[in-house]
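Since the structure comes first, as structure tokens, the remarks are kept for the end.
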Amino acid sequence: MAAPYDLNDDSVVVIIGSGAGGGTLGNELAQKGVDVVILEAGARIEHEDFINDEWDSFAQLAWLDNRTTGGGWRVHKDFPNLPAWIVKAVGGTTTHWAGASLRFQEHEFKDLTHYGKIEGANLLDWPITLVDLEPYYAKAEDKMGVTRTNGIEGLPGNNNFKILKAGADKLGYKDCHTGNMAINSADRDDRMSCQQTGFCFQGCKWGAKWSTLYTEIPKGEATGKLEVRPNSHVVKIEHDKTGKVTAVVYADKDGKLHSQKARIVAVAGNSIESPRLLLNSASSMFPDGLANSSGQVGKNYMRHTTGSVYAVFEKPVHFYRGTTMAGIIRDEAKHDPSRGFVGGYELETLALGVPFMAAFLDPGGWGRSFTSAMDQYANMAGLWIVGEDMPQEQNRVALHGELKDKYGMPIPDVSFTDHPNDIAMRNHAYKQGMALYAAVGATRSFPTPPYPSTHNLGTNRMSEKAQDGVVNKWGQTHDIKNLFVSDGSQFTTGAAENPTLTIVTLAIRQAEHIAGEMASGTI
Amino acid sequence: MVTVYDRKPAGTEAGLSRRDLLKRGGIGAMLVISGTAVLSPKHAWGLETTNLKPETMATLIQLARDIYPHDQLADKYYAIAVKGHDEQAGKDAAHKTLIEDGIADLDKRAGAGGYRGLGWEDDRVAILHAIETTPFFQAVRGGLVVSLYNQKEIWPVFGYEGESYSKGGYIERGFNDIEWL
């Protein structure tokens, strides 16, 4: 049974957010006997209630609170109030994610060492290595049921994958398969197998795709040590005179404020809300926001170098059938500067329904060039580019100077401009993607610009030295020892891989550390 | 309120002969204005307006088609896609002005006969290119990309099957049925 904790219970660990980071951390701590309260801004929507309809699902799940944008990215022009396509609901963006679960490569923890100084980039090595994370990656893959690990079979390839694979073969790519997916290829962990329904982005109605909503959270609740409070939007973290955090102030569904006392606070609200909360928690003792002595809170916002390539064929593909991300090519993920950029990228299949294809194929586009593409929808294949982008200090999440949310707190402003390395990488990937489809007979292809960000990273980055970042190798803030960050905002650099597996891995490792520190009385 | 119905408004049918329809004009002779309604005699549907002029609505329908031209889609779907502007015009005077003035501007740019009087799509599109950065065009296009493509009725025209959970997904229904590769 879920344990209800008193607002004045100052022995609990309060976790803000219930997604990949927060949901996992909550369950891991509860399994170790630690008392946990998760405050989740969104509602609890069980997987049976997800909707196989793109716009209706967007209205049901997406984080739609007002945000503003700036900088040179096209999202600023096309979707000025939607910098990110992420979720406000119990389970966070693990309800929406596609399931790709890839480990980082060894060199991606040591970018500065391997890439050297890059002008305009704020590169830094992580204070941890792949070797440090390997045992935790293994636990995460087992927990999430990642295909092609732990003896779990790969998923069958759909039509979109078959085209990708045929093109990969023609181009001489060697590392192409149906992915390492946290989607059951057979019944596992009391969840059924993938029914090739499509609509992975709209939440898996079968529960075949891993989400904290129906794995970590109910498992944690079953221990009697975890309470999840939905519709609890955190506005501020409070601290005492010694600088230790003591309580979290949140608004309930009626907008009424409550204060939950805490022994430890872990922030896991995704890379826009997490830095925003630390900045909004500024006090006379911490005038620049909590844990911000380095000035790096909100800085180095990364969103992966993305883009899509869609292509039209003479005959039907029906690419929307089956898993959205149905396969991957990893050959370009290596670091090979001879291509004209540092770092690498993955190519992963992607499909959208008619409503979202119209919105995202060429935002703002109209006329026959646009509609003749839409007319060929049934004959389309598509892939998504996911590459490492450069951390840049001026790409940041900051508090808006004037606009406030309904609780009176400044809203976040997200500013992003591509680094020249990002542009060179994207152009290379567009060229490869278009060549791939041309090789299997595409009559037309579309280098489609990035969507609002789904991978939001780096705004509370991990660093060896306190002056370079916000948290240490445990995700513990350099400045405040009982304040942790548990989401992708910890990432020092973004790597080429989809981030969820690494967020879960860091959360498992962090839970072990927090439980140990609590047991020894250090925190 | 705007209603789209699959037959003409009561009372209008008797008063409209085929010659009347042709005389009143419209988009070619496809859409006609009658009282407060836009009618499609051939396809037997009508769209009644309460806040925007019916002529404005007829031009909006043509404009919608020129922005997202799909020759296999009937006017009805474009009418459904733009009818929200009539509703919004009733709640928001600024929106009403935006639409009425925007359409008047289109007609003015088109010269005698107005926007709908231009027979070739290319001639109408040339005007649209000149105004594509205006708030009027952006408001119409921005709304349309959702209100047109989110109509479930048109999805089969594009070969999109929509909701699939209730049918058990595609695991037994062709997720990997490609044969031409």
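Proteins come first, then strands; the chains are lettered A, B, ... in the order of their sequence lines, and each starts at number 1. All values reported here derive from a predicted model rather than from experimental measurement.
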**Request:** Among the options Asn379(A), Ile163(A), Val317(A), pick out the one with the most heavy-atom pairs lying under 4.5 Å from chain B.
**Result:** Ile163(A)
**Message:** Less than 4.5 Å to any heavy atom of chain A: does that hold for the side chain of Ile67(B), its backbone, both, or neither?
**Reply:** both
**Message:** Given 3.5 Å as the limit, does a donor-acceptor pair link the side chain of Asn81(A) with the main chain of Asn66(A), or not?
**Reply:** no
**Asked** Heavy-atom distance under 4.5 Å to chain B: side chain of Phe313(A), backbone, both or neither?
**Response** side chain
**Prompt:** Hey, what's the ring geometry for Trp55(A) with Phe356(A), parallel, tilted or perpendicular (30° and 60° as the breaks)?
**Reply:** perpendicular
**Message:** Quick check on Gln72(B) against chain A: is it the side chain, the backbone, both or neither that has a heavy atom closer than 4.5 Å?
**Reply:** side chain
**Fill in**
Of the listed Pro316(A), Cys194(A), Ala326(A), the one with the largest count of heavy-atom pairs under 4.5 Å with chain B is Pro316(A)
**Request:** Quick one: which of Asn150(B), Ile154(B), Val157(B) has the most heavy-atom pairs under 4.5 Å with chain A, could you say?
**Result:** Asn150(B)
**Item:** Lys NZ or Arg CZ of Arg173(B) over Tyr170(B) ring: under 6.0 Å, within 45°
**Value:** yes
**Complete:** Bottom line for Asp375(A): the part with an atom under 4.5 Å from chain B's heavy atoms is both
**Fill in**
Assert top hit (heavy-atom pairs under 4.5 Å, partner chain A, pool Glu179(B), His129(B), Lys167(B), Glu172(B)) equals His129(B)
**Prompt:** Side chain, backbone, both or neither: which part of Met374(A) has an atom under 4.5 Å from a heavy atom of chain B?
**Reply:** both
**Item:** Heavy-atom contact with chain B under 4.5 Å, split by part of Ala166(A)
**Value:** side chain
**Item:** side-chain contact (heavy atoms from CB on, under 4.5 Å) partners of Ala182(A), counting only residues at least two apart
**Value:** Trp97(A), Ser101(A), Met144(A), Val146(A), Trp210(A)
**Message:** Which atoms of Leu144(B) are under 4.5 Å from chain A, going by heavy atoms: the side chain, the backbone, both sets, or neither?
**Reply:** neither
**Request:** Classify the angle between the aromatic ring planes of Phe319(A) and Tyr377(A) as parallel (below 30°), tilted (30 to 60°) or perpendicular (above 60°).
**Result:** perpendicular
**Request:** Compute both the distance and the angle, then confirm whether Lys205(A) meets the cation-pi test with Phe50(A): under 6.0 Å from the six-membered ring centre, within 45 degrees of the axis.
**Result:** no
**Asked** Are more than 12 heavy atoms from other residues, nucleotides or ligands located less than 6.0 Å from atom CD of Glu153(A)?
**Response** no
**Structural part of Pro156(A) lying under 4.5 Å from a heavy atom of chain B** = both
**Prompt:** More than 12 foreign heavy atoms under 6.0 Å from CG of Asp190(A): is that the case here?
**Reply:** no
**Geometric class of the Phe158(B)/His70(B) ring pair [parallel <30°, tilted 30-60°, perpendicular >60°]** = perpendicular
**Message:** Report which part of Ile51(A) has an atom under 4.5 Å of a heavy atom belonging to chain B: side chain, backbone, both, or neither.
**Reply:** neither
